[in-house]
Amino acid sequence: MKIVNMKVHSIAIADPPLRSSYGLHAPYALRSVLEIESEDGIVGIAETYGGDAPAQALEGLRTRVIGADAYKLTGELAHLVEGQGAGFARSQTYLVPGENPLDTATRTYAAIETACLDLIGKSVGKPICDLIGGRVRDRVPFSAYAFYKHAGGDGERNDVRADEYGEVMTPEALSREVKQMIGHYGFGSVKLKGGVLEPKLEIETIKRLRSELGPEVPLRIDPNCAWATNTSVVVGKELSEELSHGGYLEDPTSTLEGMSEVRKQLLAAGVTTPLASNVAITSFADLPQSVGLDSVQIVLCDSHYWGGMRQVQHLATLCRVFNLGLSMHSNSHLGVSLMAMAHVAAATPHLTYSCDTHYPWQSEVDEIIVGGRVPVTDGCVTIPDKPGLGVELDYDQLARGRERYSRLTYRKRDDEAEMQKHVDPTWKRILPRW
Ligand code: GKR
Ligand code: MG
């Protein structure tokens with residue numbers, strides 16, 4: 001099936017002023033949307049990280065893509081994801097996901113793979129999850145992803161979004177936010193983005209969530225390396241009960257060595273809470289050292305930067321072999337990415353935790369798929385009975401996203417700069433902060 005056309009669209013979508021140890025989200029998040037078209041007029045689509053660099057990386061492969069056979073293309077580009085040895089380990093400690101030059105190749109490949117699979121699925125009438133091994137679940141569970149945030153649903157000037165959750169900078173407000181999100185989407189587990197308030201306030205937040213939601217709702221906290229090893233151990237001990245029952249402690253501190261030290265000290269204190277990571281481990285090359293040091297017990301996969309859906313399935317196999325859990329990372333995204341996440345999760349038997357998603361933070365005003373937002377019910381996305389990803393682009397909405405992008409003065413995510421602009425001109429990302 002010959003590919004005759006390829007289009008890369010850079011779009012901007014409103015994003016609320018969410019906080020993390022990286023800083024502050026900008027009023028718009030950036031995404032790239034890829035379309036590849038076959039000679040019989042079928043279009044395969046993908047969504048990935050945005051800004052000029054990811055779009056240029058995709059454009060850089062135009063001559064390899066056009067004229068290629070969709071069934072063979074990802075094989076021909078396999079050098080982008082395979083054979084990456086120890087020299088290619090690529091921690092995200094100091095870089096927000098999508099801004100790491102070391103995973104440009106795997107991110108670019110992943111978008112092309114998703115678009116090819118969507119194209120193939122649409123041409124043979126099969127959902128992607130059934131093309132990549134067959135689904136083991138029809139409904140993919142996601143977790144509520146709670147953030148401390150400033151007031152605003154964001155966007156700018158005459159293009160602002162409704163602020164569903166208001167300002168959330170205290171344990172009380174955070175617990176209100178979570179209950180509201182659960183009320184709307186029915187999530188059965190909760191992840192708190194930490195590394196924002198003093199650790200004692202984040203401990204209080206988790207304790208409050210536990211007492212208000214009960215032990216049947218698993219809790220996770222992810223400060224993105226904001227804590228020193230000793231602080232991580234203190235928090236791990238304080239929250240040993242709250243993070244048990246299917247929860248975890250995610251990237252409390254930086255580096256595989258740091259995570260290993262936290263693990264050792266927690267085990268010595270009788271705390272078995274598993275450590276999860278999407279920062280210390282972001283590639284296959286990180287796994288041997290992590291396993292050797294027992295740094296990470298749960299890997300957070302992400303087909304967007306691990307090199308696509310099939311690489312995530314390989315990762316799942318390795319996790320099973322090494323007795324590691326597997327969860328899924330996310331970043332600000334729309335419905336095309338959500339469906340790609342759902343398809344790979346549906347076809348990955350060893351996915352042992354509900355997946356993260358930022359989707360509740362995005363607005364229907366910005367959605368680019370026909371029919372509007374993907375429904376999330378009882379915390380799950382149901383794989384639709386439709387070919388490929390199961391969604392089509394709404395070209396008017398896509399054009400609006402492009403128009404927003406063209407108005408923006410920034411072309412990459414920079415949460416530190418946003419903090420300095422809107423909250424504190426002297427703010428720096430200091431690791432560890434506490
Ligand atoms: O959106 O601010 C954010 C998150 O901090 C995101 O960038 C992280 O990559 O969600 C992510 C995580 O789990 O580390
Ligand atoms: Mg994380």
Side-chain angles (χ1 to χ4, degrees), residues 12-31 49-51 92 95-99 142-156 159-182 184-185 187 190-198 201-202 205-206 209 220-226 250-251 278-279 300 302 304 329-334 337-338 355-367 376 404 408 410 412-424 427 429 433:
I13 59 176
D15 204 22
L18 307 181
R19 290 281 301 271
S20 77
S21 86
Y22 294 109
L24 173 71
H25 282 210
Y28 295 91
L30 310 179
R31 301 296 283 167
Y49 289 96
Q92 281 183 169
L95 294 163
V96 284
E99 294 299 338
F142 286 85
S143 179
Y145 199 165
F147 281 77
Y148 298 108
K149 68 180 281 288
H150 298 283
D154 264 6
E156 281 177 330
D159 183 44
V160 292
R161 304 292 173 270
D163 183 8
E164 279 186 70
Y165 301 97
E167 180 179 286
V168 178
M169 292 301 283
T170 62
E172 299 76 20
L174 194 291
S175 142
R176 173 180 42 74
E177 172 189 293
V178 167
K179 284 185 279 184
Q180 196 177 329
M181 208 178 261
I182 290 179
H184 194 153
Y185 299 96
F187 295 115
V190 179
K191 162 159 161 173
L192 170 62
K193 177 56 59 177
V196 176
L197 306 181
E198 291 278 336
L201 288 173
E202 298 196 350
T205 305
I206 290 284
L209 288 175
R220 320 164 175 174
I221 181 167
D222 174 15
N224 287 111
C225 315
E250 181 175 328
D251 286 310
N278 64 274
V279 173
L300 278 92
D302 185 332
H304 297 89
H329 167 261
S330 103
N331 247 144
S332 313
H333 64 88
L334 293 175
S337 273
L338 182 64
C355 306
D356 288 353
T357 177
H358 280 63
Y359 202 53
W361 294 107
Q362 263 55 70
S363 155
E364 64 189 328
V365 174
D366 301 279
E367 185 52 273
V376 179
R404 269 181 237 114
L408 288 184
Y410 53 92
K412 64 199 272 291
R413 177 176 168 187
D414 186 344
D415 290 18
E416 187 177 77
E418 290 302 312
M419 270 301 277
Q420 292 169 358
K421 223 188 288 173
H422 300 285
V423 181
D424 172 0
W427 197 86
R429 185 167 192 240
R433 186 171 297 278

Non-hydrogen atoms of [X] and [Y] that approach each other most closely:
| X | Y | value |
| --- | --- | --- |
| D366 | A14 | OD1-N, 3.3 Å |
| L30 | A12 | CD2-CB, 4.2 Å |
| I206 | R220 | CD1-O, 4.1 Å |
| S332 | A29 | CB-CB, 3.8 Å |
| A226 | G195 | CB-CA, 3.7 Å |
| A26 | Y410 | CB-OH, 3.5 Å |

How about [X] and [Y]: do any of their side-chain heavy atoms sit closer than 4.5 Å?
| X | Y | result |
| --- | --- | --- |
| M419 | R19 | yes |
| V178 | F187 | no |
| D15 | D154 | no |
| R31 | Y49 | yes |
| N278 | D222 | yes |
| H304 | N331 | no |
| R161 | P16 | no |
| H150 | H422 | no |

Enter the distance from [X]:[atom1] to [Y]:[atom2] here, rounded to the nearest 0.5 Å.
| X | Y | atom1 | atom2 | answer |
| --- | --- | --- | --- | --- |
| L18 | H25 | CG | NE2 | 5.0 Å |
| D415 | Q420 | CG | CD | 11.5 Å |
| R404 | E156 | CZ | CD | 12.0 Å |
| N224 | R429 | CG | CZ | 6.5 Å |
| D424 | L24 | CG | CG | 11.5 Å |
| Y145 | H358 | OH | NE2 | 4.5 Å |

Option among L192, V190, L209, D251 that satisfies the side chain to side chain contact (heavy atoms under 4.5 Å, CB included) test with I221: L192
When Y148 is tested against each of L201, T170, T205 for side chain to side chain contact (heavy atoms under 4.5 Å, CB included), which residue passes? T205
Crowded around E364 CD? As in, over 12 foreign heavy atoms under 6.0 Å? no
Does the plane of the ring in Y359 sit parallel, tilted or perpendicular to the ring in H333? Use 30° and 60° as the thresholds. parallel
Angle between ring planes, Y165 versus W361, binned at 30° and 60°: parallel, tilted or perpendicular? tilted
Taking G23's backbone N and O only, do any of them form a donor-acceptor pair with E418's side chain (distance below 3.5 Å, no angle check)? no
Is a side-chain N or O of Q180 found less than 3.5 angstrom from the main chain of E164, in a donor-acceptor match? yes
Looking at E177 and K149, is any side-chain nitrogen of the basic one under 4.0 Å from a carboxylate oxygen of the acidic one? no
